[in-house]
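Chain A is the first sequence line, chain B the second, and so forth, proteins listed ahead of strands; every chain is numbered from 1.
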Amino acid sequence: MMSRIVRDVSRLTFPLFAMFGFYLVAHGHLTPGGGFQGGAIIASSIAMIMVAYGIYGLKEKLLSISELAGLFSFLILVYFGSHFAHSAVEEWFKLPVVGPNAGHLISAGVIPLMSIAVGFEVACGISIIVIAMRKGD
Amino acid sequence: MIFLLVQIFALIVIIISALAAIYSKDLLAAVVSLAVMSLVLSLEFYLLQAPDVAMAEASVGAALTTAIFVLAISKTRRYEQ
């Protein structure tokens, strides 16, 4: 538990911080940024709350299961993308914004879903690191 | 011209904050100096037209390592001896 100033400022800036991370994850196929950067920003907003307030109510086991869920959903999306569309892994090395209505938010096939999976996985993984550092054992 | 001036300013701030992080005896001030160095380094990445790397550097370098170092300092001593 930190001082009053740290607690209030972290509580006030947490929604802006987390919303910017979600924006980066959702627009990962259109603008710079993407799964890793957005997930790292979401995780740093969670880390700010953890430094200011403590880790009450955050279960390490649940976060670990969520991280595995993000990873496996990424793999399943890679499989579906390569099965139903023409290969998604091959698509990464071309221009990312192709397909119907290119340049809109709903475009590029399964790539935004993959970006959301990567963002979920990175946010949970880095939160596990900060929880382990906070607990200290 | 303004581009060159901003880049020179960013590099000078990076060097000064890195030296402050090395030589300060207060470890919390050293951590904040490292965060400032990382933030200005991400500005430098943005000026060199790599906004992707700049976002990764700003989120990991300025926020996450600062949180981890602050947690580590809160478990140990604040002043170097």
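By the criterion of side-chain heavy atoms lying less than 4.5 angstrom apart, applied directly or through intervening Ile, Leu, Val, Met, Phe, Trp or Tyr residues, B:L11 is grouped together with B:V40 in one hydrophobic cluster. Taking hydrophobic clusters as Ile, Leu, Val, Met, Phe, Trp and Tyr residues chained together by side-chain heavy-atom distances below 4.5 Å, B:L43 does not share a cluster with B:L34. Residues A:M19 and A:I41 do not share a hydrophobic cluster, clusters being chains of Ile/Leu/Val/Met/Phe/Trp/Tyr side chains in contact below 4.5 Å. Side-chain heavy atoms closer than 4.5 Å link hydrophobic residues (I, L, V, M, F, W, Y) into clusters, and following such links, possibly through other members, connects A:M50 to B:V60.
Listed options B:A56, B:A50, B:A54 were ranked by heavy-atom pairs under 4.5 angstrom with chain A; first place goes to B:A56. When B:S59, B:S74, B:A67 are compared by the number of non-hydrogen pairs under 4.5 Å with chain A, B:S59 comes out ahead.
Heavy-atom neighbours of chain B within the stretch residues 115-130 of chain A, taken at a separation under 4.5 angstrom, comprise A:I126, A:I129, A:V130.
Other residues, nucleotides and ligands place no more than 12 heavy atoms under 6.0 Å from the CD atom of B:Q49. Heavy atoms of other residues, nucleotides or ligands lying less than 6.0 angstrom from CG of B:L5 number more than 12. Within 6.0 Å of atom CZ in A:F17, more than 12 heavy atoms from other residues, nucleotides or ligands are found, so the atom counts as buried in its surroundings. Counted within 6.0 Å of CZ on A:F14, heavy atoms from surrounding residues, nucleotides or ligands total more than 12; the atom is thus considered enclosed.
Only the side chain of B:L71 comes within less than 4.5 Å of a heavy atom in chain A; its backbone stays farther off.
Proximity of a side-chain donor or acceptor of B:D52 to a complementary backbone N or O of A:P32 within less than 3.5 Å is not detected. The main-chain N or O of A:M133 is never found under 3.5 Å from a side-chain atom of B:K75 such that the two would form a donor-acceptor pair.
Taking CZ of A:F20 as the start and CE of B:M55 as the end, the distance is 5.0 Å to the nearest 0.5 Å.
Checked against salt bridge (Lys or Arg N to Asp or Glu O under 4.0 Å), B:R77 has no partners two or more places apart in sequence or in another chain.
Between A:A47 and B:L64 the shortest heavy-atom distance is CB-CD2, 4.1 Å.
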